[in-house]
Number of protein chains: 2
Amino acid sequence: MTFDPKDCGTCPIRHRAVCARCEADELETLDGIKFYRSFEAGQPVIWSGDNMDFVASVVTGVASLSQAMEDGRTQMVGLLLPSDFLGRPGREAATYDVVAVSNLTLCCFRRKPFEKIMLQTPHIGQRLLEMTLDELDAAREWMLILGRKTAREKIASLLTILARREASLALQTAESGTSFELPLTREAMADYLGLTLETVSRQMSALKREGIVLLEGKRKVIIPDFDALMAETGDDADGGMVS
Amino acid sequence: MTFDPKDCGTCPIRHRAVCARCEADELETLDGIKFYRSFEAGQPVIWSGDNMDFVASVVTGVASLSQAMEDGRTQMVGLLLPSDFLGRPGREAATYDVVAVSNLTLCCFRRKPFEKIMLQTPHIGQRLLEMTLDELDAAREWMLILGRKTAREKIASLLTILARREASLALQTAESGTSFELPLTREAMADYLGLTLETVSRQMSALKREGIVLLEGKRKVIIPDFDALMAETGDDADGGMVS
DNA sequence: GTTGCGCTTTGACCCAGATCAAAATGCGTG
DNA sequence: CACGCATTTTGATCTGGGTCAAAGCGCAAC
């Protein structure tokens with residue numbers, strides 16, 4: 001449960017180019033209230049309705065936010081990768097179920113002190129606004145996927161989103177085919193896309209059969225021709241996608 | 001095209017209880033760069049990709065944000081009622097198609113000056129963060145609707161959302177049955193819910209037939225028993241919904 | 001090795017909602 | 001009032017993805 005503080009180098013609320021003036025104070029103050037928590041794949045981080053006395057930033061691993069209906073239907077509504085922010089300043093209770101999709105490390109800040117620091121350091125609020133607006137754009141892209149795309153387009157869209165996000169993290173751009181770790185089970189993919197796991201499996205098999213994606217082991221996805229995958233998403237050829 | 005400045009009393013970025021200190025300046029400065037624009041029902045406000053040199057707040061009427069695929073499939077991704085905010089500080093181009101769903105009046109601020117004022121008045125940024133987080137919660141609720149609900153549940157959910165939002169605007173709480181203006185065509189409802197307009201029509205007819213909603217004219221919706229409608233949404237009986 | 005268990009794949013069938021088509025309902029206009 | 005046009009309703013049929021069921025496929029533990 002102990003980590004090198006530099007692990008939190010990804011912490012996005014610190015990434016500010018401007019105003020070196022208060023930068024030092026800010027880091028210092030945030031450092032004073034931060035602590036790390038780790039979760040194993042599959043473990044719950046918090047349940048909807050629980051008291052949530054911290055906010056956090058993902059250091060490593062993947063977490064999901066999801067909403068469940070009482071009959072068991074589940075929809076994932078957020079997928080948090082390293083540098084993503086979890087929690088809402090000013091809110092007492094968690095609004096969603098948060099689960100560690102893979103092994104997960106969070107850099108947490110106790111909520112009350114964090115809110116106080118936010119008032120003193122406009123930067124943090126500004127940065128948080130940026131991030132929230134980006135998340136909102138991503139949510140809206142996701143709404144198009146859920147509402148209007150076919151199962152095949154949904155799968156292709158998810159794969160391009162994951163490929164892009166992992167690529168931007170590990171700034172290895174694709175030259176001879178992109179590849180990335182698929183951290184999601186079939187069921188998690190289904191919950192992301194509003195499908196059943198059987199349909200996800202069938203469409204993955206179809207894409208594999210057609211050579212649009214290759215699977216290595218069960219986790220590694222290889223995309224020999226990214227444009228060919230893009231063509232299956234239903235989006236414009238150019239970068240019509242947000243984020 | 002001229003409006004009484006107090007029309008903008010709904011302008012949400014001014015609603016701040018705290019800090020009377022800079023309140024005066026803020027209002028003054030914002031007033032200096034604001035102007036009004038009106039649109040008739042059906043008119044486009046801006047197309048995705050267009051240069052957007054303003055941000056705005058809805059004064060009266062309803063606007064929609066939507067995304068279209070090149071084959072014509074359309075998904076609404078935002079529905080703006082009075083007091084909602086339109087546009088993104090720091091972004092040059094519009095990301096979505098914005099259409100006036102009903103007659104619409106916007107209180108606009110030129111983007112560049114607005115961004116400058118934002119830097120000077122942390123309030124505005126804080127308020128905008130609040131609003132954006134609320135919108136994100138709404139978007140996530142919407143994702144559950146799109147991904148997991150049946151057509152009937154989708155319709156019921158939309159009606160409760162509209163009833164609630166209109167009620168909160170015109171603080172007339174329901175005593176003997178709620179009622180509200182339905183500003184959306186069947187097609188707009190379909191685009192909101194990821195359905196076809198035929199399915200929307202059929203489900204509306206079914207709810208009408210069963211007495212769960214009454215229609216007066218073509219715009220007025222009466223809900224004799226709000227709980228009965230709620231029971232059709234698939235959500236928990238208690239206020240499990242956000243916003 | 002083999003047993004057990006969770007995850008994934010594949011198959012057979014079904015149904016909610018899409019699609020295609022036509023009629024009905026408004027409603028502004030000459 | 002009758003015409004034209006957009007919107008909505010209703011009907012008939014089709015189909016993509018859901019549902020139910022049964023194998024496969026690792027892989028960790030013994």
Side-chain angles (χ1 to χ4, degrees), chain A residues 40-43 69 71-75 99 101-103 145-159 181-210 213-221 232 234, chain B residues 40-43 69 71-75 99 101-103 145-159 181-210 213-221 232 234:
Chain A
E40 288 182 20
Q43 279 190 327
M69 301 172 67
D71 64 3
R73 282 176 285 174
T74 298
Q75 177 63 52
V99 175
V101 166
S102 66
N103 290 344
I145 292 173
L146 289 172
R148 293 302 187 194
K149 290 192 177 180
T150 65
R152 165 178 263 250
E153 288 169 340
K154 285 179 174 182
I155 298 285
S157 298
L158 173 57
L159 293 176
E181 293 296 312
L182 179 68
L184 304 177
T185 65
R186 295 288 179 261
E187 185 177 25
M189 293 174 72
D191 285 345
Y192 188 115
L193 297 171
L195 297 170
T196 60
L197 81 185
E198 292 96 328
T199 298
V200 170
S201 181
R202 275 186 251 272
Q203 296 297 338
M204 286 293 287
S205 298
L207 290 176
K208 193 168 51 179
R209 200 178 314 124
E210 298 169 32
V213 304
L214 312 176
L215 302 188
E216 193 166 90
K218 188 105 335 146
R219 291 280 91 114
K220 187 117 186 159
V221 177
E232 301 298 332
Chain B
E40 288 181 20
Q43 279 190 329
M69 302 172 67
D71 65 4
R73 281 176 284 174
T74 299
Q75 177 63 51
V99 175
V101 166
S102 65
N103 290 344
I145 292 173
L146 288 171
R148 293 302 186 194
K149 291 194 177 179
T150 65
R152 164 177 265 249
E153 289 169 340
K154 285 178 174 183
I155 298 284
S157 298
L158 173 57
L159 293 176
E181 294 295 312
L182 180 67
L184 304 176
T185 64
R186 295 286 178 262
E187 186 177 24
M189 292 173 72
D191 285 346
Y192 188 116
L193 297 171
L195 297 171
T196 60
L197 82 184
E198 293 95 328
T199 298
V200 171
S201 180
R202 274 186 251 272
Q203 296 297 337
M204 286 292 289
S205 298
L207 290 176
K208 193 169 50 178
R209 199 179 314 124
E210 298 170 32
V213 304
L214 312 176
L215 301 188
E216 193 166 90
K218 187 105 331 150
R219 290 280 91 115
K220 187 116 185 159
V221 176
E232 302 297 333

What pair of heavy atoms forms the shortest contact from B:R152 to B:A206, and how long is it? NH2-CB, 4.4 Å
Using 0.5 Å steps for rounding, measure from the CG atom of B:L195 to the OG atom of B:S201. 12.0 Å
Between C:dG17 atom P and B:D191 atom CG, what is the distance in whole Å? 17 Å
Whole angstroms only, please: what is the CG-P distance between A:L197 and D:dG24? 18 Å
Dump the intermediate steps for side chain to side chain contact (heavy atoms under 4.5 Å, CB included) on B:T199 and B:L193, then the final yes or no. CA-CA 10 Å; B:T199 298; B:L193 297 171; over 6 Å; no
For A:E210, does the CD atom have more than 12 heavy-atom neighbours from other residues, nucleotides or ligands under 6.0 Å away? yes
Between CD on residue A:Q203 and CG on residue A:L158, distance to nearest 0.5 Å: 12.5 Å
To the nearest angstrom, the CG-C1' distance between A:L193 and D:dG16 comes to 15 Å
Every protein N/O within reach of nucleotides 13-15 of chain C N/O, cut-off under 3.5 Å:
none

For atom NZ of B:K154 and atom C1' of C:dA16, their distance in whole Å: 11 Å
So B:S201, base contact, sugar-phosphate only, or nothing? Heavy-atom distance under 4.0 Å. base
Under a 3.5 Å distance rule, please check whether A:Q75 uses its side chain to pair with a backbone N or O of A:Y192 as donor and acceptor. yes
Starting at CG of B:L215 and ending at P of C:dG26, how long is that distance when rounded to a whole Å? 11 Å
Take the protein atom CD of A:E187 and the nucleotide atom P of C:dC5, then report the distance between them rounded to whole Å. 19 Å
B:M204 CE - D:dT7 P separation (whole Å): 16 Å
Side chain to side chain, A:D191 and B:R148, heavy atoms closer than 4.5 Å: yes
Measure the CD1-CZ distance between A:I155 and A:R202 for me, rounded to the nearest 0.5 Å. 12.0 Å
Presence of A:R186 side-chain N/O under 4.0 Å of D:dC25 phosphate oxygens OP1/OP2: no
Can you tell me the distance, in whole Å, between the CG atom of B:L182 and the P atom of D:dT7? 14 Å
Identify all pairs in which a protein N or O lies below 3.5 Å from an N or O of nucleotides 17-20 of chain D, and state each distance.
from, atom 1, to, atom 2, distance (Å)
D:dG17, OP1, A:A151, N, 2.8
D:dG18, OP2, A:T196, N, 3.4
D:dG18, OP2, A:T196, OG1, 3.1
D:dG18, OP2, A:T199, OG1, 2.4
D:dT19, O4, A:R202, NH2, 2.8
D:dC20, N4, A:E198, OE2, 3.1

Got a sec: does the CD of A:E187 have more than 12 other heavy atoms crowding it under 6.0 Å? no
